[in-house]
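Being a predicted model, the structure only gives us computed values, none of them experimental. So that the names make sense, note that chain A is the first sequence line, chain B the second, and so on, each numbered from 1.
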2 protein chains.
Amino acid sequence: MKPALSRPKARAALMQELEYAVRKSSALGVLFGQTVANRVGVSSSDLECLDFLNIEGRVTAGRLAELTGLTTGAITGVVDRMEKAGLVRRERDESDRRKVFIAIVPEALGRIGRFYEPLQKAVTKDWEGYTDAELKLLLRFMTQGYNTMLGVLEDLKTSPEKPQGRPRKPARG
Amino acid sequence: MKPALSRPKARAALMQELEYAVRKSSALGVLFGQTVANRVGVSSSDLECLDFLNIEGRVTAGRLAELTGLTTGAITGVVDRMEKAGLVRRERDESDRRKVFIAIVPEALGRIGRFYEPLQKAVTKDWEGYTDAELKLLLRFMTQGYNTMLGVLEDLKTSPEKPQGRPRKPARG
DNA sequence: ACTAATTATCTTAGTGGATAAGATATATAC
DNA sequence: GTATATATCTTATCCACTAAGATAATTAGT
């Protein structure tokens, strides 16, 4: 009955609260993305691609498909729309002319970043309330979470159960 | 030229790293959700609704529309699909018979939770490596982030610029 | 060098899920 | 007791996605 180090009841409750907070934030993040996409005038998927392009630099169409979980055919549509909107550019690889790199048009960065700026400013202000040591802990927490999620996702994708090999929906036609 | 307390260069870099980590995690979270939805056999939106139902308990169709950013018409479709799949149940409010509460079918909880379990287990294990004080800091961090994002989102939705009042896409027909 | 196999993207047909507008049903206000 | 507001559902229409295969370029085998 006696707890070992700290009261385990409180600790379990703390973890549950943290989990709840993470889940709520995650859900809100999705909604935020949808709202920004709406404001920028592109679909959620399109904005997701733009974010990846921003993070990873210019990437090929195929890599974008991997990153988003869409088929390459869908990516063609995504890039078509965004290219027409002047947000990205197709650049053929000269050494392997099958490959098509997608790159953000520099001017578009501001056009999109504009909508993230208020969040970034608010968040930066929040974070100024933390010490360096605390920020380091937060970074460790986020990095660890990312890696853990990545590992579990890989298992989830490769685990058997359900036919497999099918990108998204149950077969129909 | 002399920094006040800690080296500001390092601090700025730390914040940038943290921002990068948050963005990557957020993007991965979206992908994770898509993958789970695929496994459960429902669409991303459907799973998003299930998550909200799990968080908020049983809610009305209209509230679900607010929470997800979908129109009420779309929610009707979401609930139709999930009800047919045996995941949720419609329950009319007896005191206000216009309202329809959506509730998760208890048996379905396990059917969905099954796919989140590996992540939850892995994350819990990670978190055991933190002290109570650290977990409290992490909770504060997440809660603060949630509230900040909520505020910015509200501004983003109500700010002028672009006609407004339009749930998602630019008008077309 | 020529053919086959592989890789990367694009094209086409078909479908599901979204919006927008309005219908239906119930509740509240004057 | 009629009008207005609220909550969900219905219908028509449209867009973006998947699946399958076409096209184009690279690599491997003989």
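Here the P atom of nucleotide C/dA18 and the CG atom of B/Leu64 are 12 Å apart, to the nearest Å. Between A/Glu91 atom CD and C/dT9 atom C1' there is a gap of 16 Å when expressed in whole angstrom units. The interatomic distance linking A/Lys99 (NZ) with C/dT6 (P) rounds to 18 Å, in whole Å. The distance from atom CD of B/Glu48 to atom C1' of C/dA18 is 13 Å, rounded to the nearest whole Å. Rounded to an integer number of Å, the gap from A/Phe101 CZ to C/dA8 P is 11 Å. As rounded to whole Å, 16 Å separates atom C1' of D/dT6 from atom CZ of B/Arg63. The nearest whole Å value for the distance from the CG atom in A/Asp80 to the C1' atom in D/dC15 is 14 Å.
Candidate nucleotides C/dG17, D/dA16, C/dT19 were compared by shortest atom distance to the side chain of B/Ala74, and C/dT19 ranks first. The A/Arg81 side chain lies nearest to D/dA16 when the options are D/dT10, D/dA16, C/dT9. Here the nucleotide nearest the side chain of B/Val100, chosen from D/dC9, C/dC10, C/dA18, is D/dC9.
Counting only N and O atoms by type, the side chains of A/Asp51 and A/Tyr116 include a donor and acceptor under 3.5 Å apart.
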Using nucleotides 21-30 of chain C, report all nitrogen or oxygen pairs with the protein that are shorter than 3.5 Å.
| residue | atom | partner | partner atom | Å |
| --- | --- | --- | --- | --- |
| C/dA27 | OP1 | B/Arg97 | N | 3.1 |

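For residues 68-88 of chain B, the salt bridge (Lys or Arg N to Asp or Glu O under 4.0 Å) pairs, not counting sequence neighbours, are B/Asp46-B/Arg81, B/Asp80-B/Arg90, B/Glu83-B/Arg90.
Nearer the 5' end of DNA chain D, as judged by each residue's closest nucleotide, is the contact made by A/Ile75, out of A/Ile75 and A/Arg92.
Under a cut-off of 6.0 angstrom, the local environment of CD in B/Gln16 is sparse, with at most 12 non-hydrogen atoms contributed by other residues, nucleotides or ligands. Within 6.0 Å of CD on B/Glu91 lie more than 12 heavy atoms contributed by other residues, nucleotides or ligands.
Neither OP1 nor OP2 of C/dT11 sits under 4.0 Å from any side-chain N or O of A/Thr76. Put simply, A/Thr60 has a side-chain N or O that comes within less than 4.0 Å of OP1 or OP2 on C/dT9. The side chain of A/Thr71 contributes no N or O atom lying less than 4.0 Å from OP1 or OP2 of D/dA19.
Contacts of B/Arg90 with the nucleic acid, taken as non-hydrogen atoms under 4.0 Å apart, involve only primed sugar atoms and P, OP1 or OP2.
Linking ILVMFWY residues whenever their side-chain heavy atoms come closer than 4.5 Å, directly or via other members, leaves A/Phe101 and A/Val88 in distinct clusters.
Side-chain contact between A/Arg140 and B/Tyr130 is present, with at least one heavy-atom pair separated by less than 4.5 Å.
With sequence neighbours excluded, the residues that form a side chain to side chain donor-acceptor pair (under 3.5 Å) with A/Glu66 are A/Arg63.
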